[in-house]
Amino acid sequence: MSITAPAARPANPRFSSGPCAKIPNFSLDMLADAPLGRSHRAAIGKSKLAEAIDLTREVLGVPADYRIGIVPASDTGAVEMALWSLLGARGVEMLAWESFGEGWVTDVVKQLKLDATVRKAPYGQIVDFAEVDFDKDVVFTWNGTTSGVRVPNGDKIPADRAGLTICDATSAAFAMDLPFDKLDVVTFSWQKVLGGEGGHGVLILSPRAVERLESYVPAWPLPKIFRMTKGGKLIEGIFKGETINTPSMLCVEDYLVALKWAQSLGGRKALEDRANANAAAIRDFIADRDWIADLAEVPATASTTSVCLKFTDPRIQDGAAFAKAVAKRLEKEGVALDAGAYRDAPAGLRIWCGSTVETADVAALMPWIEYAFEAEIAAQAVEA
């Protein structure tokens, strides 16, 4: 059978789920205002960091009484700061439905050695929030970057909860509506939805989280880069741009450029609309095809950023090998880079649909996925 390659190609084939595609029309010239070779503690460095915090608050709609800090080690560093500094004061519930959530379970149960209640759901599902005890501290990811599922909203998180909610929102922030009144800790890295460079995390704390920090001392020692209090008081400088360690001012400038781009579109809602349109382009395509499906089992919990797909054709003999071959073919054709499923996830594809991706590129990719699928089915038949 002759298989014809599609005529159109994505203008930008970068569909990696992190680091993600740069903003449209990005150029290194946009970073010319970065104060390179200057101390981050100089006036210009502090002003850049403070501006990044202020624009984060504006674009995300973070309440005025929440603290925002730029911290080391990407989203992982931000989450670890929260876990090691806040947990242990009361019971803990750990919610996991993908690999990063599983990682936080390991940290809390095996490293901090807390007797936590662990609730897990398989890939493609999330746990039932109605069963969660929010009088305990609850740790969860908003969007499963490796599983393609997300929390649909914060309706099942009670406003009068006694515990803290600690939310890893790294592939959700800027593309999804985060209900900050239901979230006490929010973390993310700007390398996801805004396509920033890696290495820096953002930590957002509610007044309730600050109160916990100032009234509770963990039983374990805290490394320097985790310490947010001194003498029982929050170190306010961290949340005004006085970072714990040395940040890259080039990366900060890149983040500022992306934030200003987001502003120019109309802010977070415009970013959300872009991600929604990208995800819809995929789901419209797979809707009437019986050889591919969404890994997310319930549409309401399907991610709009990290869309995970699985191949369902009964002719496929080795699911993992087949999915890898399709991803490799897409990369060889130059139409989709880094589009394979995460190593711990079920075999398939993972297409990043965050706000820096153009819907036209997602739409152009879809026929290529069909082409690669048909080509691998044909190759499999020949080998047999």
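Just the heavy atoms: all of them, side chains too, but no hydrogens, waters or symmetry mates, feed the values below.
- Distance alone, capped at 3.5 Å, places no donor-acceptor pair between the Arg350 side chain and the Ala339 backbone.
- Met366 has its side chain within reach of Ile282: a pair of non-hydrogen atoms, C-beta onward, lies under 4.5 Å apart.
- Note on ring orientation: taking the six-membered ring where Trp is involved, the planes of Tyr371 and Trp368 are perpendicular (angle over 60°, cut-offs 30° and 60°).
- For the pair Ile377/Ile316, a side-chain contact is recorded, criterion being any heavy-atom separation below 4.5 Å from C-beta on.
- A donor-acceptor pair under 3.5 Å is formed between the side chain of Arg227 and the backbone N or O of Leu222.
- Atom CD of Glu214 is surrounded by more than 12 heavy atoms from other residues, nucleotides or ligands within 6.0 Å.
- The line from CG of Asn276 to OG1 of Thr305 is 10.0 Å long, rounded to the nearest 0.5 Å.
- Side-chain atoms of Thr145 and Ser306 include no donor-acceptor pair closer than 3.5 Å.
- Classification of Glu197 and Lys22 as a salt-bridged pair holds, one side-chain N sitting under 4.0 Å from a carboxylate O.
- In this structure, Arg9 contributes its side chain and Glu333 its backbone to a donor-acceptor pair below 3.5 Å.
- Lys233 places no side-chain N or O within donor-acceptor distance of the main-chain N or O of Lys230, the cut-off being under 3.5 Å.
- For the atom pair Thr304 OG1 and Asn143 CG, the distance stands at 7.0 Å (nearest 0.5 Å).
- Residues Lys48 and Asp33 are paired through a salt bridge, judged by an N-O separation under 4.0 Å between the basic side chain and the carboxylate.
- Within a 6.0 Å radius of CG in Asp290, no more than 12 heavy atoms belonging to other residues, nucleotides or ligands are found.
- Contacts classified as ring pair (Phe, Tyr, Trp, His ring centres under 6.0 Å) and involving residues 239-267 (residues at least two apart or in different chains) are given here: Trp190-Tyr255.
- When the options Arg315, Lys328, Arg329 are evaluated for a salt bridge (charged side-chain N to carboxylate O under 4.0 Å, His left out) with Glu376, the one that passes is Arg329.
- Lys136 and Thr117 are linked by a side-chain donor-acceptor pair at a separation below 3.5 angstrom, with hydrogens and angles left out of the test.
- A heavy-atom distance below 4.5 Å is not found between the side chains of Arg41 and Glu242.
- No side-chain heavy atom of Ile23 sits less than 4.5 Å from a side-chain heavy atom of Leu194.
- The shortest distance between side-chain heavy atoms of Val252 and His40 does not fall below 4.5 Å.
- The cluster map of Ile, Leu, Val, Met, Phe, Trp and Tyr, joined by side-chain heavy atoms under 4.5 Å apart, puts Ile70 and Val210 in different clusters.
- Of the possible donor and acceptor atoms, one in the side chain of Arg274 sits under 3.5 Å from a partner among the backbone N and O of Ser355.
- Once rounded to the nearest 0.5 Å, the distance linking CZ of Phe129 with CD1 of Ile157 reads 5.5 Å.
- Note on ring orientation: taking the six-membered ring where Trp is involved, the planes of Phe311 and Phe322 are perpendicular (angle over 60°, cut-offs 30° and 60°).
- Here the CD atom belonging to Glu370 is positioned 5.0 Å from the CH2 atom belonging to Trp291, to the nearest 0.5 angstrom.
- Contact check for Met228 versus Ile235: no side-chain heavy atoms found under the 4.5 Å cut-off.
- The line from CG of Leu31 to CG of Leu250 is 5.5 Å long, rounded to the nearest 0.5 Å.
- A salt bridge between Arg212 and Asp137 is present, with a side-chain N of the basic residue lying under 4.0 Å from a carboxylate O of the acidic one.
- Leu183 is not connected to Ile166 by any chain of hydrophobic side-chain contacts under 4.5 Å among Ile, Leu, Val, Met, Phe, Trp and Tyr, and they are in different clusters.
- Ion pairing between a basic and an acidic side chain is recognised when a charged N comes within 4.0 Å of a carboxylate O; Arg161 and Asp184 show such pairing.
- Clustering ILVMFWY residues whenever any of their side-chain heavy atoms sit less than 4.5 angstrom apart, transitively, puts Leu95 in a cluster other than the one holding Leu87.
- Under the 4.5 Å side-chain contact rule for hydrophobic residues, Phe174 and Ile53 share a cluster.
- Tyr66 places none of its side-chain heavy atoms less than 4.5 Å from the side chain of Leu60.
- In the hydrophobic cluster analysis, where Ile, Leu, Val, Met, Phe, Trp and Tyr join through side-chain heavy atoms closer than 4.5 angstrom, Ile351 is grouped apart from Tyr342.
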